*Asks:* 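The structure that follows is given in the form of structure tokens.
Keep in mind that the numbers below use all heavy atoms, side chains included, and drop hydrogens, waters and symmetry copies. All figures in this text were calculated on a predicted structure; none of them were measured in a lab.
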Amino acid sequence: MLTTRLHLGEYRDFELLKDDDLSKFRHSKIAKSSIIYANNIKFLIIKDGSAKLSYIDGSKEFIINFLQPGNMIFLDKNCVVEILSDSDILELNIKDISELFENRDFSMSLVNSLIRNVVMQRQIIADIVFGNLELRLENFLRNLANEQNENLRDKSIVTLPFSITVLANLLGFERQSVSTTFNKLLRSGVLQKYGKNKFILA
């Protein structure tokens, strides 16, 4: 079961919804760079496109995970969804979600989605509580490399698909601290430059 923050699995859960189920949702086409907020809890499904879910505290952002088609999200007032590419979004107020439980396949898919998110968020908590920055950064890169599954002989290759700033927001540290630690991993040989945004993990 994939539970990393960059890939919860491309589950087309919305296909389990019948026309009557779909009529309960507000269907929106949302442009890239738009932001979705919630005063009350909302239930969202990414039908098409991509986004990221973040926890916001003043001017600080902590990225919870990146979202792909089929991902389900419970959005509250402390979180925002930033649309990364033009997207189709299905939105439902939490008070209306009980009507969907009559759809057994969709209900099971929702439960599985919640389990994946709980496992992922527990891992985030464990990293924050027990891991120093160097350990968290190395573990994050190894998990990303395992997901990308690119190898050079017996070594894993990891491609960073985002900037150091985004990486810092994922790890919950200041950009400069992450940049310094990243360079430390390069100097120690844990990471070796392999190409643009590509690194070999020792």
*Asks:* Is it the case that more than 12 heavy atoms not belonging to Phe62 sit under 6.0 Å from its CZ atom?
*Replies:*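 Yes, CZ of Phe62 has more than 12 neighbouring heavy atoms, counting only those of other groups under 6.0 Å.
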
*Asks:* Okay, side chain of Asn103, backbone of Leu16: is any donor-acceptor separation there less than 3.5 Å?
*Replies:*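 Yes, because the side chain of Asn103 sits within donor-acceptor range (under 3.5 Å) of the backbone of Leu16.
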
*Asks:* Heavy-atom distance under 4.5 Å between the side chains of Ser179 and Asn183, does that happen here?
*Replies:*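 In contact.
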
*Asks:* Would you call the rings of Phe162 and Phe140 parallel, tilted or perpendicular, where under 30° means parallel and over 60° means perpendicular?
*Replies:*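 Because their plane-to-plane angle lies in the 30° to 60° range, the rings of Phe162 and Phe140 count as tilted.
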
*Asks:* Compare all side-chain heavy atoms of Asp86 with those of Ile30 and state whether any distance is below 4.5 angstrom.
*Replies:*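 Not in contact.
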
*Asks:* How about Val190 and Arg142: do any of their side-chain heavy atoms sit closer than 4.5 Å?
*Replies:*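 Val190 vs Arg142: side chains touch.
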
*Asks:* By the salt bridge (Lys or Arg N to Asp or Glu O under 4.0 Å) test, which pairs, at least two apart or in different chains, include something from residues 49-75?
*Replies:*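 Checked against salt bridge (Lys or Arg N to Asp or Glu O under 4.0 Å) - neighbours excluded - the pairs reaching residues 49-75 are Lys52-Glu61, Lys52-Glu82.
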
*Asks:* Nearest 0.5 Å, please: how far is OG1 in Thr159 from CG in Leu144?
*Replies:*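 Going from the CG atom of Leu144 to the OG1 atom of Thr159 covers 7.5 Å.
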
*Asks:* Hey, what else clusters with Val129 if you join Ile, Leu, Val, Met, Phe, Trp, Tyr whenever side-chain heavy atoms sit under 4.5 Å?
*Replies:*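 Grouped by the 4.5 Å side-chain rule, Ile125, Phe130 form the rest of the cluster around Val129.
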
*Asks:* So do the side chains of Phe66 and Leu84 get within less than 4.5 Å of each other, counting heavy atoms only?
*Replies:*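 Heavy-atom side-chain distance check passes, below 4.5 Å.
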
*Asks:* Please work out whether the ring planes of Phe43 and Phe74 are parallel, tilted or perpendicular, with thresholds of 30° and 60°.
*Replies:*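 Geometry flag for Phe74 against Phe43: tilted rings.
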
*Asks:* Quick one: side-chain hydrogen bond (donor to acceptor under 3.5 Å, both in side chains) partners of Lys184, sequence neighbours excluded?
*Replies:*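 Once residues adjacent in sequence are excluded, the partners of Lys184 under the side-chain hydrogen bond (donor to acceptor under 3.5 Å, both in side chains) criterion are Glu134.
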
*Asks:* With sequence neighbours excluded, what pairs up with Thr180 under the side-chain hydrogen bond (donor to acceptor under 3.5 Å, both in side chains) test?
*Replies:*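 Checked Thr180 against side-chain hydrogen bond (donor to acceptor under 3.5 Å, both in side chains); matches are Gln176.
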
*Asks:* Does the side chain of Ile89 reach to within under 4.5 Å of the side chain of Ile45, using non-hydrogen atoms?
*Replies:*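 Result no, sub-4.5 Å side-chain heavy-atom pair not found.
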
*Asks:* Short question: side chain of Asn149, backbone of Ala145 - any donor-acceptor pair under 3.5 Å?
*Replies:*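 The answer is no, because no donor-acceptor pair under 3.5 Å joins these two groups.
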
*Asks:* Does a side-chain heavy-atom distance below 4.5 Å link Leu185 with Leu137?
*Replies:*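 Answer yes - side chains close enough.
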
*Asks:* With sequence neighbours left out, what residues match Asp88 under salt bridge (charged side-chain N to carboxylate O under 4.0 Å, His left out)?
*Replies:*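 Partners of Asp88 under the salt bridge (charged side-chain N to carboxylate O under 4.0 Å, His left out) test: Lys29.
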
*Asks:* I'd like to check the ring pair (Phe, Tyr, Trp, His ring centres under 6.0 Å) partners of Phe199; sequence neighbours left out, ordered by chain and number.
*Replies:*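 By the ring pair (Phe, Tyr, Trp, His ring centres under 6.0 Å) rule, Phe199 matches Phe182.
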
*Asks:* Which other residues end up in the same hydrophobic cluster as Ile35, if Ile, Leu, Val, Met, Phe, Trp and Tyr are linked when side-chain heavy atoms come under 4.5 Å apart?
*Replies:*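 Traced through the cluster, Ile35 reaches Tyr37, Ile56, Val80.
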
*Asks:* How long is the straight-line distance from CG of Leu152 back to CD1 of Ile157, given to the nearest 0.5 Å?
*Replies:*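 So the gap between those two atoms works out to 4.5 Å.
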
*Asks:* Step through the shown structure and confirm whether more than 12 heavy atoms of other residues, nucleotides or ligands are within 6.0 Å of CG on Asn40.
*Replies:*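 No, the 6.0 Å shell around CG holds no more than 12 heavy atoms from other groups.
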
*Asks:* Please collect all salt bridge (Lys or Arg N to Asp or Glu O under 4.0 Å) contacts where either partner lies in residues 95-110, sequence neighbours excluded, each pair once.
*Replies:*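 Listed by first then second residue: nothing to list.
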
*Asks:* Side chains of Gln123 and Asp127 only: does a donor on one sit below 3.5 Å from an acceptor on the other?
*Replies:*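 Present: a donor and an acceptor within the cut-off.
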
*Asks:* Is any side-chain heavy atom of Ile83 closer than 4.5 Å to one of Ser33?
*Replies:*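 Side chain of Ser33 against side chain of Ile83, heavy atoms only: no contact under 4.5 Å found.
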
*Asks:* Donor-acceptor pair, distance only, cut-off 3.5 Å: does the side chain of Thr181 make one with the backbone of Val178?
*Replies:*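 Looks like no, no N/O pair under 3.5 Å.
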
*Asks:* Over all heavy atoms of both residues, which pair between Gly189 and Ala202 is shortest? Give the atoms and the distance, please.
*Replies:*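 Looking at all heavy atoms of both residues, the shortest contact is O-CB, 3.3 Å.
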
*Asks:* For Thr165, give me all partners under side-chain hydrogen bond (donor to acceptor under 3.5 Å, both in side chains), at least two apart in sequence or on another chain.
*Replies:*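 Thr165 satisfies side-chain hydrogen bond (donor to acceptor under 3.5 Å, both in side chains) with Arg175 once adjacent residues are dropped.
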
*Asks:* At what distance, to the nearest 0.5 angstrom, does CG of Leu22 lie from NE2 of His27?
*Replies:*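 Leu22 atom CG to His27 atom NE2 measures 8.5 Å (nearest 0.5 Å).
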
*Asks:* A side-chain contact here means heavy atoms from C-beta on lying under 4.5 Å apart; do Ser87 and Lys32 qualify?
*Replies:*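 No, their side chains stay 4.5 Å or more apart.
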
*Asks:* So, for Arg26 and Ser28, which heavy atoms are closest and what is the spacing to 0.1 Å?
*Replies:*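 Heavy-atom minimum between the residues: NE-OG, 3.6 Å.
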
*Asks:* Checking Ser163 now: which residues fulfil side-chain hydrogen bond (donor to acceptor under 3.5 Å, both in side chains) with it, not counting sequence neighbours?
*Replies:*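 With sequence neighbours excluded, Ser163 shows a side-chain hydrogen bond (donor to acceptor under 3.5 Å, both in side chains) to no residue whatsoever.
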
*Asks:* Can you tell me if CG on Asn39 sees more than 12 non-hydrogen neighbours from other groups inside 6.0 Å?
*Replies:*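 No.
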
*Asks:* Please collect all salt bridge (Lys or Arg N to Asp or Glu O under 4.0 Å) contacts where either partner lies in residues 188-202, sequence neighbours excluded, each pair once.
*Replies:*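 Listed once each, the pairs are Glu150-Lys198.
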
*Asks:* Do you know the tightest heavy-atom contact between Leu100 and Ser107?
*Replies:*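 Closest approach of Leu100 to Ser107, heavy atoms only: O-OG, 3.8 Å.
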
*Asks:* Is the backbone of Gln68 close enough, under 3.5 Å, to the side chain of Asn71 for a donor and an acceptor to pair up by distance?
*Replies:*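 Yes; judged by distance alone, with no hydrogens or angles, the pair exists.
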
*Asks:* Taking atom CD1 of Ile41 and atom CG of Leu92, what is their separation to the nearest 0.5 Å?
*Replies:*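 Result: 12.5 Å between the selected atoms.
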
*Asks:* For the pair Asp21 (side chain) and Lys18 (backbone), establish whether a donor and an acceptor sit closer than 3.5 Å, ignoring hydrogens and angles.
*Replies:*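 Side chain of Asp21 to backbone of Lys18, a donor-acceptor pair under 3.5 Å: yes, one is there.
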
*Asks:* Is there any salt bridge (Lys or Arg N to Asp or Glu O under 4.0 Å) pair reaching into residues 64-81, and which pairs are they, with sequence neighbours excluded?
*Replies:*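 As it turns out, there is no salt bridge (Lys or Arg N to Asp or Glu O under 4.0 Å) pair with a partner in residues 64-81 once direct neighbours are skipped.
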
*Asks:* Give a yes or no on whether the backbone of Leu201 and the side-chain of Ser156 come within a donor-acceptor separation of less than 3.5 Å.
*Replies:*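 Between the backbone of Leu201 and the side chain of Ser156 there is no qualifying donor-acceptor contact (under 3.5 Å).
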
